[in-house]
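Everything numeric here is computed off the predicted structure, so don't read it as measured data. By convention in this document, chain letters (A, B, ...) are assigned in the order of the sequence lines, proteins followed by strands, and residues within each chain are numbered from 1.
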2 protein chains.
Amino acid sequence: METTADIAPEQACPISPVVDLVFSRWTTPILWTLNEYGRHRFVELERRITTISPKVLTQRLRQLERDGLVSRTYHAEVPPRVEYAITDLGRSLAPLFASIADWSVNLGKVDRARQDYDAARPTG
Amino acid sequence: METTADIAPEQACPISPVVDLVFSRWTTPILWTLNEYGRHRFVELERRITTISPKVLTQRLRQLERDGLVSRTYHAEVPPRVEYAITDLGRSLAPLFASIADWSVNLGKVDRARQDYDAARPTG
DNA sequence: CTGTATCCCGCAAGATACTG
DNA sequence: CAGTATCTTGCGGGATACAG
């Protein structure tokens, strides 16, 4: 019951905590969207990330809010309006996202590696 | 029918392909280990990443090999010896890993955000 | 509009045993 | 040592309906 960074099993790897935080499923598209295009209402996020269900979107937004990466603002109007925005802490991930975007140039090499691998094993 | 990279569902987000490739489960500890500590035999990886089962380790290593991020060398000895090493392409992820490691300084802020969030919602 | 509440399902991953 | 084979399970996630 260690509240701090007690050695989690798969952690031969010091970057795992950040990976778990930032790169769990759906979090990247949400953070990217809020970072690139500014604040969004719930339904706007739903429309941008077309395949996410409302349940899962809610789950991920709550998690991101709890982690301090996203802020939620409730406007008690009729109809109600809720706005999600990235926080300063969330914005601090931008260089990290940029690093990843930079590496995308290598995706072609990955494709070629896969083709070579598969070609060398025709039947399996 | 998009001529280019046809718009995958969750891709309001151009970095998703790299995220799926590099940050799927178990891949980060494997790549980190091979990158930091050099080539490893199968059993050595098992010992470093203590909670992974041999089945899953094999699956992930095959995937990484197919993607060109890891190389596998089989030595037909008795007993057999297999060595896994990171490739040049895999090593090119190092700056990305460094970005993530750098961001780890912010984990304290995440912890505090969680405490604040939980404190504001005692019973749920 | 902004969610919750259920129910259900598939698949990644764990446990265990076994092979070359 | 370096894996495979088989079985089982947990949980994320989809679908749907409903509430404030």
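- Remark: A:Arg114 engages B:Asp67 in a salt bridge (Lys or Arg N to Asp or Glu O under 4.0 Å) (not counting sequence neighbours).
- From A:Leu96, atom CG reaches atom CG of B:Asp102 across 8.5 Å, with rounding to the nearest 0.5 Å.
- Five base pairs at each end of the helix from C:dC1-D:dG20 to C:dG20-D:dC1 define two local axes, and these are offset by 50° (rounded to 10°).
- Taken together through direct or relayed side-chain contacts under 4.5 Å among Ile, Leu, Val, Met, Phe, Trp and Tyr, A:Leu69 and B:Tyr117 form parts of separate hydrophobic clusters.
- Applying the side-chain hydrogen bond (donor to acceptor under 3.5 Å, both in side chains) rule to A:Arg39 yields the partners A:Glu83; only residues at least two apart in sequence or on another chain are considered.
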Working for side chain to side chain contact (heavy atoms under 4.5 Å, CB included), residues B:Arg72 and B:Leu61:
CA-CA 9 Å; B:Arg72 178 181 183 271; B:Leu61 285 170; over 6 Å; no
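- B:Leu57 and B:Tyr74 fall within a single hydrophobic cluster, where Ile, Leu, Val, Met, Phe, Trp and Tyr side chains are chained together by heavy-atom contacts under 4.5 Å.
- A search for side-chain contact (heavy atoms from CB on, under 4.5 Å) contacts involving B:Arg60 returns B:Trp26, B:Thr27, B:Ile30, B:Val56, B:Gln63, not counting sequence neighbours.
- Counting only heavy atoms from C-beta outward, the side chains of A:Ser71 and A:Tyr84 never approach each other to under 4.5 Å.
- Residues satisfying the side-chain contact (heavy atoms from CB on, under 4.5 Å) criterion with B:Asn35, sequence neighbours excluded, are B:Ile86, B:Arg91, B:Ala94.
- Residues A:Leu107 and B:Leu21 meet the side-chain proximity criterion, which asks for heavy atoms closer than 4.5 Å.
- Taken residue by residue, residues 63-72 of chain B places heavy atoms nearer than 4.0 Å to DNA chain D at B:Arg72.
- Atoms OG1 and CG, from B:Thr33 and B:Leu45 in turn, are 6.5 Å apart once rounded to the nearest 0.5 Å.
- Of the residues in residues 39-47 of chain B, not one comes within less than 4.0 Å of DNA chain C through any heavy atom.
- Residues satisfying the side-chain hydrogen bond (donor to acceptor under 3.5 Å, both in side chains) criterion with B:Arg112, sequence neighbours excluded, are absent altogether.
- Remark: B:Ser16 OG to A:Trp32 CH2 distance equals 9.5 Å, nearest 0.5 Å.
- Bracketed by its first and final contacts, the part of DNA chain D lying under 4.0 Å from non-hydrogen atoms of chain B reaches from D:dC1 to D:dT6 in 5' to 3' order.
- For B:Pro54, the side-chain contact (heavy atoms from CB on, under 4.5 Å) criterion is met by B:Phe42, B:Glu46, not counting sequence neighbours.
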Sugar-phosphate means primed atoms, P, OP1 and OP2; the rest is base. With that split, encode nucleotides 13-20 of chain C 5' to 3' as B, S or - using protein heavy atoms under 4.0 Å.
BBB----B
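- Residues meeting the side-chain contact (heavy atoms from CB on, under 4.5 Å) test with A:Arg47, sequence neighbours left out: A:Val43.
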